[in-house]
Amino acid sequence: MTRKISEVLQEIYQRLFEFFGPQNWWPAETPFEVCVGAILTQNAAWKNVEKAISNLKQKGLLSPPALYQLPVEKLAELIKPSGFYNLKAKRLKSFVEFLMLNYQGNLDLMFKKPISHLRAELLNIKGLGKETIDSILLYGGNLPVFVVDAYTYRILNRHFLVPEETTYDEIQALFMENLPPDPQLFNEYHALLVACGKSFCKKNSPLCDPCPLKGL
DNA sequence: TTCCAGCATA
DNA sequence: TATGCGGGAA
């Protein structure tokens with residue numbers, strides 16, 4: 001008797017929530033801070049991103065107009081702790097330019113666009129990939145988009161729920177077609193998968209025995 | 001020395 | 001498909 005995917009996904013969520021509790025994502029004061037954090041945290045530890053964001057905050061630069069004016073070299077210097085700083089400075093500038101030129105720097109306006117249109121628009125910005133964009137949509141815009149990341153893939157794959165070659169879109173569809181389209185649920189679910197990935201489902205030496213998903 | 005809330009390029 | 005990008009923490 002093979003269980004329905006939706007039941008398995010619900011059980012994963014329940015187990016993780018009972019073990020870890022609410023994760024309170026995304027740690028940011030404003031939607032714009034979510035966007036900046038989403039770009040800065042690309043393949044970087046969040047602790048280091050916090051330092052970079054703190055630098056921007058201290059200088060009063062954490063707004064679309066301020067970053068729009070700031071030279072990319074200055075920006076790179078300030079976000080150094082988050083790593084890949086020259087690259088990420090360009091990416092931040094690209095996003096802010098997009099936001100200023102198309103939405104007058106107004107994120108509320110941007111998030112009013114139909115999700116599929118907006119997602120396609122954002123995908124055209126160099127340096128914004130699917131995970132970054134979906135994080136912005138879900139955590140910045142409170143839109144019902146499921147965020148997939150390396151932890152999500154690893155956890156599903158190790159439990160034989162998806163094969164090796166599964167794509168981002170396929171994993172995203174798996175969640176979105178088998179769960180109610182609830183932003184709060186998607187918010188908590190992704191955050192819990194990250195928590196599980198960091199604590200147990202590690203890249204090289206996974207701790208399967210004490211993992212809350214053991215025996216799934 | 002590894003690894004991190006990825007992405008673009010060749 | 002592999003590689004560059006990179007500082008900071010474990």
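Just so we're on the same page: letters track the sequence lines, and every chain starts at 1. In this text, all values refer to a predicted model and were calculated from it rather than measured experimentally.
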Grab the [atom1]-[atom2] distance between [X] and [N] for me, whole Å please.
| X | N | atom1 | atom2 | result |
| --- | --- | --- | --- | --- |
| Asp149(A) | dC4(B) | CG | P | 10 Å |
| Ile39(A) | dA8(B) | CD1 | C1' | 14 Å |
| Lys47(A) | dT2(B) | NZ | P | 23 Å |
| Arg91(A) | dG4(C) | CZ | C1' | 11 Å |
| Leu78(A) | dG7(C) | CG | C1' | 15 Å |
| Gln172(A) | dG6(B) | CD | C1' | 15 Å |
| Phe84(A) | dG8(C) | CZ | C1' | 12 Å |
| Lys198(A) | dT2(B) | NZ | P | 21 Å |

> If the P atom of dT3(C) is compared with that of dT2(B), how far apart are they to the nearest Å?
Replying inline: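 Per the computed distance, 15 Å lies between those P atoms.
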
> What integer number of Å spans the P atoms of dG6(C) and dT9(B)?
Replying inline: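 Here dG6(C) and dT9(B) have their P atoms 15 Å from each other.
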
> Of the options Tyr13(A), Tyr168(A), Phe186(A), Phe146(A), which is the one that meets Phe175(A) in a ring-ring contact (aromatic ring centres under 6.0 Å, His included)?
Replying inline: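 The passing option is Phe146(A).
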
> For the atom pair CD (Glu164(A)) and OH (Tyr153(A)), what is the distance rounded to the nearest 0.5 Å?
Replying inline: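 Here the rounded value is 4.0 Å.
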
Nucleotide nearest [X] when distance is taken to its side chain, options [options]:
| X | options | value |
| --- | --- | --- |
| Lys203(A) | dG8(C), dC4(B), dC7(B) | dC4(B) |
| Lys126(A) | dC7(B), dC4(B), dT9(B) | dT9(B) |
| Asn48(A) | dC7(B), dG7(C), dC4(B) | dG7(C) |

Remember a base hit wins even if backbone is also touched, and classify [X] as base, sugar-phosphate or nothing at under 4.0 Å, heavy atoms.
| X | answer |
| --- | --- |
| Lys202(A) | nothing |
| Lys88(A) | nothing |
| Thr132(A) | sugar-phosphate |

> Does Tyr85(A) make a side-chain N or O approach to OP1 or OP2 of dG7(C) shorter than 4.0 Å?
Replying inline: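 The answer is yes; a side-chain N or O of Tyr85(A) sits under 4.0 Å from OP1 or OP2.
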
> Does OP1 or OP2 of dG8(C) have a side-chain N or O of Lys80(A) closer than 4.0 Å?
Replying inline: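 Checking dG8(C) against Lys80(A), no side-chain N or O comes under 4.0 Å of OP1 or OP2.
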
>> Ring-plane angle category for Phe95(A) and Phe32(A), please: parallel below 30°, perpendicular beyond 60°, tilted otherwise.
In response: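 It falls in the parallel class, under 30°.
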
> Relative to the 5' end of DNA chain B, which residue comes earlier, Ser205(A) or Ile125(A), by the nucleotide with the nearest heavy atom?
Replying inline: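 Going by which nucleotide is closer to the 5' end, it is Ser205(A).
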
>> Let's go through Phe98(A) and Tyr103(A) carefully: what are the C-alpha distance in whole Å and the side-chain angles of both, what is the deciding distance for ring pair (Phe, Tyr, Trp, His ring centres under 6.0 Å) to 0.1 Å, and is it a yes or a no?
In response: CA-CA 8 Å; Phe98(A) 164 85; Tyr103(A) 299 98; 5.8 Å; yes

> Is a donor-acceptor contact shorter than 3.5 angstrom present between the side chain of Asn43(A) and the base of dG6(C)?
Replying inline: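 Yes, the side chain and the base share a sub-3.5 Å donor-acceptor pair.
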
> Mind checking whether Phe17(A) and Pro22(A) have side chains closer than 4.5 Å, heavy atoms only?
Replying inline: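 They are in side-chain contact.
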
